[in-house]
Amino acid sequence: HTDSVLCVAFNPSKNSQVLTGGQDNRAFLFDYNHPEQKRELAGHTDSVCAIAFNTAGDLCATGDMNGLIQIWRTANGKLV
């Protein structure tokens with residue numbers, strides 16, 4: 001992130017996988033055991049202020065201040 005990090009969540013089924021959202025309009029999905037594989041979850045045009053994983057840990061959601069909510073696959077960072 002290039003600005004403040006506003007939210008952080010850990011995957012309930014893979015504790016080393018982390019999702020972050022920031023004031024720089026960006027969200028990232030990464031495994032802290034393999035930080036070189038960090039994926040940016042692109043498409044937000046305002047601060048990403050809400051994030052969550054589903055209970056199975058195979059999907060995550062990012063939400064921004066414009067009201068855009070996006071759903072992603074945690075295995076590959078692809079937009080659903």
Side-chain angles (χ1 to χ4, degrees):
H1 290 281
T2 58
D3 205 337
S4 299
V5 174
L6 302 177
C7 43
V8 177
F10 288 87
N11 188 325
S13 68
K14 185 178 180 186
N15 290 337
S16 62
Q17 191 173 52
V18 181
L19 178 62
T20 63
Q23 198 165 336
D24 57 0
N25 308 346
R26 299 163 81 191
F28 290 98
L29 180 66
F30 66 97
D31 185 318
Y32 62 76
N33 291 326
H34 304 284
E36 70 283 355
Q37 297 174 4
K38 176 174 66 174
R39 293 184 172 96
E40 181 174 357
L41 307 180
H44 290 286
T45 58
D46 205 347
S47 298
V48 178
C49 58
I51 57 174
F53 287 95
N54 69 340
T55 55
D58 61 331
L59 298 172
C60 64
T62 56
D64 69 25
M65 294 290 285
N66 283 332
L68 176 65
I69 298 170
Q70 296 180 298
I71 309 297
W72 311 86
R73 295 200 187 285
T74 60
N76 58 17
K78 299 291 183 183
L79 184 62
V80 178

Using the side-chain contact (heavy atoms from CB on, under 4.5 Å) rule, pick out the option among Ile71, Leu41, Val80, Asn11 that qualifies with Cys60.
-> Leu41
Side-chain heavy atoms of Leu59 within contact of Arg73, under 4.5 Å =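 Answer yes - side chains close enough.
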Just wondering, do Phe53 and Thr74 contact through their side chains at under 4.5 Å, heavy atoms?
->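 A side-chain contact under 4.5 Å exists here.
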Provide the closest heavy-atom pair for [X] versus [Y] in the form atom of the first, atom of the second, distance.
| X | Y | result |
| --- | --- | --- |
| Asn33 | Pro35 | C-CD, 3.6 Å |
| Cys49 | Met65 | SG-SD, 3.5 Å |
| Gly57 | Ser13 | CA-OG, 3.6 Å |
| Cys7 | Ala50 | SG-N, 3.8 Å |

Exam field: side chain Ser4 to backbone Gln23, donor-acceptor pair closer than 3.5 Å =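 No.
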[X] with [Y], same ILVMFWY side-chain cluster at under 4.5 Å:
| X | Y | result |
| --- | --- | --- |
| Phe28 | Ile51 | no |
| Val48 | Leu6 | no |
| Leu19 | Leu79 | yes |

Kindly write out the residues that satisfy side chain to side chain donor-acceptor pair (under 3.5 Å) with Lys14, not counting sequence neighbours, or none if the list is empty.
-> Asp31
Under the side chain to side chain contact (heavy atoms under 4.5 Å, CB included) test, residues paired with Tyr32 that sit two or more places apart |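 Counting only residues at least two positions away or on another chain, Tyr32 forms a side chain to side chain contact (heavy atoms under 4.5 Å, CB included) with Phe10, Ser16, Val18, Phe30.
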Using the side-chain hydrogen bond (donor to acceptor under 3.5 Å, both in side chains) rule, collect all pairs that involve residues 39-56, keeping only residues at least two apart or in two chains.
->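 For residues 39-56: Arg26-Glu40, His44-Thr62, His44-Asp64, His44-Gln70, Thr45-Asn66, Asn54-Asp58.
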